[in-house]
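Keep in mind that the numbers below use all heavy atoms, side chains included, and drop hydrogens, waters and symmetry copies. All ligand and atom numbering here is 1-based and tracks the order in the structure. Positions are given from 1 along the sequence.
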Amino acid sequence: MIGRLNHIGIATPDVEKAAKTWLALYGAGDAHDAFDMPAQGVRVKFIDLPNSQIELIEPLGENSPLDAFLAKNPAGGQHHICFEVEDIIKTRDNMRAKGARVLGTGEPRIGAHGTPVIFMHPKDSGGVLVELMQSPQEKTQ
Ligand code: CO
């Protein structure tokens with residue numbers, strides 16, 4: 001069973017510029033320092049909200065998984081939503097047994113919060129790309 005909404009992923013050509021909009025226009029909470037995730041081909045910047053976070057993601061390097069998305073949405077756009085789960089492997093296996101498709105190999109990778117994550121096929125979720133992440137032991141970001 002899925003748990004808490006951890007973050008909403010928003011693709012953008014420029015995380016710093018996007019962060020300014022969320023802070024200045026919407027009065028969103030603190031922005032964390034941006035950091036690179038070369039293995040995932042993204043640069044990430046989190047913004048804290050009272051009950052969740054916004055994860056701004058920008059392409060990093062060649063062949064970023066965001067390239068195709070930004071080709072279709074040059075100004076950026078809502079990219080995925082991320083829910084916490086208690087046990088990523090158990091959740092994956094349960095969902096697969098029900099016919100859901102996991103993107104890639106299906107083996108969890110380490111996500112932006114340092115815990116294992118998987119992505120579920122949008123066609124199984126009404127067109128929404130869903131990231132599932134193992135709940136962090138303690139909130140550090
Ligand atoms: Co995410």
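In this structure, the side chain of Gln134 engages the main chain of Ile88 through a donor-acceptor pair within 3.5 Å.
Take the N/O/S atoms of Glu131: the one nearest the Co ion (ligand 1) is OE1.
One hydrophobic cluster holds both Leu49 and Trp22 under the rule that ILVMFWY side chains link at heavy-atom gaps under 4.5 Å.
Taking 2.8 Å as the criterion, Cys82 does not count as a coordinating residue of the Co ion (ligand 1), since none of its N, O or S atoms falls below it.
Side-chain atoms of Glu55 and His80 include a donor-acceptor pair closer than 3.5 Å.
For the pair OE1 of Glu55 and NE2 of His7, the angle at the Co ion (ligand 1) is about 90°; rounding is to 10 degrees.
Aromatic ring orientation, His113 versus Phe46: parallel (interplanar angle below 30°, classes split at 30° and 60°).
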